[in-house]
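Notes for the one structure printed next.
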Amino acid sequence: MAGSENQTFCLQEVLDGFKLCLSPDKEVYMEHYVSGWRGLIKFLNSLGSVFGFITRDVVSKVQILVGLMNGANSSQYVTVQSMVQYELQNQQVDLTMTGVHPQSGCRTLLRLHRALRWLELFLERLRISTEDGKTSVMCSEAYNESLAQHHPWMVRKLAGMAFLVLPGRPAFFDIMNVGPPEQVVAMLGEAVPLISEVYQITEELYAKHNLLDLP
């Protein structure tokens, strides 16, 4: 079991993961995608139990992907592109809501992909906001532009309540474990575009194969 020290969030970990995510041909390496997400999970955990309903889902999805990456067909799960090609060619993706392949890599990663958009939008708002900016508003706006459309009413209600008790911007910057505010802003300025590029490449791949609305 990992010690609590290893569970401390540091923005550098997220940056490192997403910096290594793309191959020269702009394919998304699964190993580094998962690594970036491990950092983001620590970020969610650092916000407290109010985000538990999202964090638990993200953790379970990461575990499913790690299982596929380490499984019998691990060579097919090196990049997101190779995973999509393999699962579609081998009818591993549940396109018809029959529930035959509820834990396919494509479906699992789609759930992380949607959550990644929310965190990307939120982190960018944090970066450009003023010191007295309301994080509850930033997080809520980011959520409404991304994850909310995929959540049932009850989950949206829970999320809205969770946003209300978020700490202020200075507390968020302390959580980043980077240094003074200007260093946090600079690192966010480096990390957010990387996250955005990985998101856009995945979005275009899923759109090309009609996978954005997987049940």
Side-chain angles (χ1 to χ4, degrees), residues 13-44 54-124 142-143 145-152 155 190-215:
E13 182 180 353
V14 175
L15 175 60
D16 291 344
F18 284 100
K19 191 180 280 186
L20 296 170
C21 241
L22 297 178
S23 75
D25 296 328
K26 300 296 185 183
E27 293 203 355
V28 179
Y29 290 122
M30 297 276 284
E31 176 188 357
H32 300 301
Y33 185 87
V34 164
S35 177
W37 255 115
R38 286 195 174 110
L40 290 172
I41 287 168
K42 292 177 187 176
F43 176 59
L44 290 172
I54 292 178
T55 308
R56 284 189 295 273
D57 187 52
V58 166
V59 168
S60 71
K61 298 297 184 283
V62 167
Q63 288 172 342
I64 292 169
L65 288 184
V66 169
L68 292 170
M69 289 160 57
N70 295 331
N73 297 305
S74 59
S75 61
Q76 309 295 337
Y77 291 90
V78 174
T79 67
V80 173
Q81 287 78 0
S82 65
M83 174 191 74
V84 168
Q85 181 179 9
Y86 166 73
E87 290 198 345
L88 287 176
Q89 287 179 348
N90 290 274
Q91 289 81 50
Q92 295 291 308
V93 185
D94 185 3
L95 298 168
T96 58
M97 297 186 72
T98 58
V100 177
H101 297 290
Q103 294 189 343
S104 67
C106 288
R107 180 189 185 277
T108 300
L109 190 127
L110 177 61
R111 271 57 185 173
L112 291 173
H113 175 69
R114 292 168 177 172
L116 187 65
R117 178 63 172 163
W118 165 53
L119 291 175
E120 174 205 334
L121 293 172
F122 179 40
L123 290 172
E124 176 61 11
Y143 177 77
E145 287 178 30
S146 53
L147 263 183
Q149 60 192 296
H150 306 292
H151 282 164
V155 174
E190 193 177 350
V192 173
L194 291 171
I195 294 172
S196 179
E197 186 175 13
V198 169
Y199 174 85
Q200 289 300 332
I201 288 170
T202 308
E203 179 82 358
E204 289 166 14
L205 176 69
Y206 269 56
K208 176 183 174 182
H209 294 287
N210 298 311
L211 297 174
L212 286 172
D213 295 312
L214 277 179

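Values below: all heavy atoms of this structure, side chains included; hydrogens, waters and symmetry mates excluded.
Val80 has its side chain within reach of Met30: a pair of non-hydrogen atoms, C-beta onward, lies under 4.5 Å apart. Here the side chains of His113 and Leu205 are not in contact, with every heavy-atom distance at 4.5 Å or above. Residues Gln81 and Ile201 form a side-chain contact, since some pair of their non-hydrogen atoms from C-beta on lies under 4.5 Å apart. Counting only heavy atoms from C-beta outward, the side chains of Asn73 and Met83 never approach each other to under 4.5 Å. The side-chain heavy atoms of Tyr77 and Leu109, taken from C-beta on, include no pair separated by under 4.5 Å.
Residue Asn70 qualifies as enclosed at atom CG: its count of foreign heavy atoms under 6.0 Å is above 12.
Classified by interplanar angle (parallel below 30°, tilted 30° to 60°, perpendicular above 60°), the ring pair His32/Tyr29 is perpendicular.
Checked by atom type and distance alone, the side chain of Glu87 pairs as donor or acceptor with a backbone atom of Cys106 at under 3.5 Å. The backbone N or O of Lys61 sits nowhere less than 3.5 Å from a side-chain atom of Thr108 that would complete a donor-acceptor pair. Proximity of a side-chain donor or acceptor of Thr202 to a complementary backbone N or O of Val198 within less than 3.5 Å is detected.
The minimum heavy-atom distance linking Ser82 with Val78 is given by the pair OG-N, 3.5 Å. In plain terms, the two heavy atoms of Gly39 and Val14 that are nearest each other are C-CG2, 3.7 Å. Taking each heavy atom of Ser35 and Gly17 in turn, the nearest pair found is OG-CA, 4.2 Å. Residues Ser146 and Arg114 approach most closely at CB-O, 4.4 Å, considering heavy atoms. Taking every heavy atom of both residues into account, Leu121 and Ala142 meet most closely at CB-CB, 3.6 Å.
Expressed to the nearest 0.5 Å, how far CD of Glu13 lies from CZ of Arg38 amounts to 9.0 Å. Taken to the nearest 0.5 Å, the CG atom of Leu147 stands 4.5 Å off from the NE2 atom of His151. To the nearest 0.5 Å, the span separating CD on Glu203 from CG on Leu110 amounts to 8.5 Å. For the atom pair CD of Gln149 and OH of Tyr143, the computed distance is 10.0 Å after rounding to the nearest 0.5 Å. Distance check, rounded to the nearest 0.5 Å: CH2 of Trp37 to CG of Leu40 gives 5.5 Å. Remark: Leu88 CG to Asn210 CG distance equals 9.5 Å, nearest 0.5 Å.
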Might you work through the side chain to side chain contact (heavy atoms under 4.5 Å, CB included) test for Glu120 and Val192, ending with a clear yes or no?
CA-CA 6 Å; Glu120 174 205 334; Val192 173; 4.2 Å; yes
Full working for side chain to side chain contact (heavy atoms under 4.5 Å, CB included) between Ile195 and Leu119
CA-CA 9 Å; Ile195 294 172; Leu119 291 175; over 6 Å; no
Could you list the donor-acceptor pairs under 3.5 angstrom formed by side chains in residues 18-28, with sequence neighbours left out?
unit_1	atom_1	unit_2	atom_2	d
Lys19	NZ	Glu190	OE2	3.2
Ser23	OG	Asp25	N	3.2
Ser23	OG	Lys26	N	3.4
Ser23	OG	Glu27	N	2.9
Lys26	NZ	Glu197	OE2	2.8
Glu27	OE1	Thr79	OG1	3.1

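Among residues two or more places apart in sequence or in another chain, the ring pair (Phe, Tyr, Trp, His ring centres under 6.0 Å) test is passed with Tyr206 by none.
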